[in-house]
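These notes concern the structure reproduced below.
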Amino acid sequence: MSAIAIKYNDEIVDLASAEERGIEGEEIELDNSPESLDVLRHSTAHLMAQAIKSLYPDAEFYVGPTVKEGFYYDFKTESEIGEGDLKKIEKQMLSFAKKKYKIEKYTISMDEAKEKFKDDHLKLSVMERIKDDTVSIYKQGEFEDLCRGPHLPTIGLIRYFKLTKIAGAYLGGDSKNEMLTRIYGIAFADKESLKNHMTMLAEAAKRDHRKIGNEMKLFTFREEVGAGFPIWLPAGGRLRARLESLLFKAHRKRGYEPVRGPEMLRADLWKTSGHYQNYGENMYFTHIDDIEFGVKPMNCVGHIKVYEDELHSYRDLPIKYFEYGVVHRHEMTGALHGLFRVREFTQDDAHIFCTVDQIEEQIIEVVDFVDKIMTTFDFKYNMTISTKPEKAVGDAEVWEKSEAALVSAMEKHNLPYTIDEGGGAFYGPKIDIKILDAIGREWQCGTIQLDNNLPERFELEYNGEDNEKIQPVMIHRAILGSFERFIGILTEHYAGEFPMFIAPTQVAIVPVAETHKEYAKLLSDKLIDINADSEIYAKNDSLNKRIRTAEKTRVPMIVVIGDEEIENKTISIRDRRTREQYIISEEEFLTLIQTKVNEVNF
RNA sequence: GCCGACAUAGCUCAGUUGGCUAGAGCAGCUGAUUUGUAAUCAGCAGGCCCGGGGUUCAAAUCCUCGUGUCGGCACCA
């Protein structure tokens with residue numbers, strides 16, 4: 001196989017450019033290495049543009065880069081293009097590829113380029129952003145495109161690709177601009193890899209929490225209830241209750257006090273907090289008599305009112321309040337997505353009021369808490385520290401100390417983290433926790449934010465050693481983020497195969513015949529005593545059918561009860577995943593379940 | 001919010017170029033069967049075809065305005 005590009009000082013240079021510049025380097029062949037795929041996909045994007053141009057001659061093109069999941073090209077045409085047209089474009093691409101046009105490169109001056117693309121206002125706007133005097137053009141057959149490269153030597157090398165999605169995208173990613181059509185695609189060096197990729201996508205679709213949530217009857221949405229308002233069904237309710245109760249204990253152990261603020265608070269309070277001015281667009285407001293109220297989008301104000309309920313001494317700090325806080329936010333319709341983005345959700349929210357000197361130890365504790373939870377669920381995660389932005393309020397020294405405390409907490413725990421310079425909120429630096437699920441997708445969940453702004457606005461204080469009034473630091477933190485999103489992620493992470501300690505139902509009991517029903521009920525009661533939920537499958541169906549039904553609910557353990565079991569006080573267990581069966585004594589069984597249900601402590 | 005697609009029974013889906021009483025499987029109900037590890041048999045019931053307006057002799061089907069869902073964009077736990 002011959003080279004498609006070379007690597008020159010870590011830069012990938014295509015053959016045409018290498019010749020132009022007279023450089024040599026390590027040869028890159030057409031395979032599935034990241035470098036090779038990048039070139040291949042970039043050229044596939046151009047091939048797609050070529051096909052689009054031939055099918056829709058009025059099409060104008062913006063940019064067509066490669067991205068993590070393949071490539072896309074943004075363009076505009078008067079014709080309406082829908083999902084059904086992707087096949088047509090693919091076909092056209094293949095027919096061009098068969099012609100094996102060479103991809104030729106030449107360089108022209110910016111002025112020449114502007115003349116060449118004078119009918120394409122999108123290309124012109126691309127050129128607006130290029131500062132160089134010359135630009136390169138890549139040409140394949142009749143089709144020419146302004147591009148920096150690198151590209152394959154010929155489009156004949158493109159064979160294994162697929163157009164995956166069609167969607168709208170704002171020009172330049174700015175919602176103030178016009179909307180273009182974007183087509184996404186993927187390409188590989190060989191057929192097998194493309195096939196594997198498509199299989200992988202299908203696997204990911206099978207894990208979709210919306211699909212599994214429906215199948216397992218965890219939650220539902222209804223048009224008449226309203227977009228973005230989830231309804232928790234019994235099975236989801238049980239799962240969620242287990243998670244809540246585990247987490248409740250974990251908070252108590254760490255000295256958090258459960259509190260609860262009201263759902264709506266007077267609008268004036270939101271003016272004091274600044275939410276009215278800065279977040280009002282996302283809030284829901286109503287009136288009671290003549291007074292305006294705002295439904296809480298966050299729980300901090302409620303917790304501040306708890307703090308204000310009594311005077312505090314420096315000896316009391318840190319003070320930690322937590323609440324499974326229901327919040328409402330006006331998310332835009334297009335943003336709603338299953339349990340991942342909803343308009344009403346419950347945060348595992350807590351606020352820590354502490355002294356500046358206590359920040360570091362508090363952060364360490366929270367980070368440790370996060371670690372416990374994430375490891376329990378087999379999540380890999382990484383953290384990002386966001387530092388002081390340009391527009392910031394508060395004392396410079398406190399900012400410095402706060403940031404240092406965050407970094408130091410990471411370092412001391414030897415945790416990997418990245419820094420987002422200037423990415424913090426205007427009121428304080430923060431740590432975002434991003435988790436990686438079983439199939440490598442990244443999710444933003446928890447967050448730890450330092451806040452000097454709200455204590456200032458509400459004039460919070462505690463008495464110091466010399467009885468002086470000192471303003472405490474407030475730490476906002478959520479670990480799961482929200483029960484909704486976290487359970488959605490868990491569902492996809494486990495593909496619905498929840499571990500015993502969180503599963504909606506721990507055990508399915510299948511009595512062989514009607515005479516065994518009574519015994520099944522006794523066993524079920526014993527399970528409740530050890531905090532395990534079970535369901536008895538005693539319907540008038542064949543044994544096989546009932547086992548099948550139980551299997552389909554994804555319950556971790558199925559036990560079959562018949563004469564033999566009752567006589568010998570044994571349990572016949574069927575493991576869902578391995579489909580293996582084994583028999584143990586009832587006592588062993590109950591111990592086993594109890595261990596599995598209680599093995600987790602955050 | 002924007003671009004595009006979609007909406008038929010509790011669920012998953014058929015429904016021809018507009019044309020008789022809108023179908024199937026699963027789930028549900030009734031009955032028979034009482035079962036030893038992934039679907040026993042028979043019968044019954046279930047629909048304002050997302051909602052409002054319109055075109056037409058005739059609309060699940062065409063147009064239009066809503067609502068909801070999906071894929072992205074933009075925005076975010």
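Letters go in sequence order (proteins before strands), and every chain restarts at 1.
When each of A:H330 and A:V512 is assigned the nucleotide of RNA chain B with its nearest heavy atom, A:H330 is the one assigned upstream, toward the 5' end.
Within 4.0 Å (heavy atoms only), A:K539 reaches sugar-phosphate atoms of the nucleic acid but no base atom. Looking at heavy-atom distances under 4.0 Å, A:E580 makes no contact with the nucleic acid at all.
Contact record, A:P504 with A:R238: O-NE, 2.7 Å, taken as the closest heavy-atom pair. Shown here for A:G423 and A:S386, the closest heavy-atom pair between the two residues is C-CB, 3.3 Å.
Nucleotide B:U21 has no partner under the Watson-Crick or G-U criteria, as no pair reaches both atom distances under 3.5 Å. In this entry B:A27 has no Watson-Crick or G-U wobble partner, no candidate having both defining distances under 3.5 Å.
Side-chain contact of A:D371 with A:Y381: a donor-acceptor pair under 3.5 Å is present, judged by distance alone.
Taking atom CD on A:E514 and atom P on B:G36, their separation rounds to 15 Å, with Å as the unit. What separates CD1 of A:I571 from P of B:U37 is a distance of 17 Å, to the nearest Å. One can place CD of A:E564 at 13 Å from P of B:U35, the figure rounded to the nearest angstrom.
When the side-chain nitrogen and oxygen atoms of A:S542 are compared with OP1 and OP2 of B:U35, none of them lie within a distance under 4.0 Å. A sub-4.0 Å separation between OP1 or OP2 of B:A39 and a side-chain N or O of A:N544 is present.
In terms of polar N and O atoms assigned as donor or acceptor, the side chain of A:S572 comes within less than 3.5 Å of the base of B:U37 in a complementary pairing.
Stacking of A:K320 on the aromatic ring of A:Y256 is recorded, both the 6.0 Å distance cut-off and the 45° axial limit being met.
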I'd like to know whether A:K76 forms a side chain to side chain contact (heavy atoms under 4.5 Å, CB included) with A:E178, so could you lay out the CA-CA distance, the side-chain angles of the two residues, the decisive distance to 0.1 Å, and finally the verdict.
CA-CA 10 Å; A:K76 193 184 165 92; A:E178 65 181 310; 2.8 Å; yes

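Using bins of under 30°, 30° to 60° and over 60° for the plane-to-plane angle, the ring pair A:Y284/A:H330 lands in the tilted bin.
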Each nucleotide of nucleotides 64-77 of chain B classed B (base within 4.0 Å of a protein heavy atom), S (only sugar-phosphate) or -, in 5' to 3' order, makes ---BSSSBBBBBBB

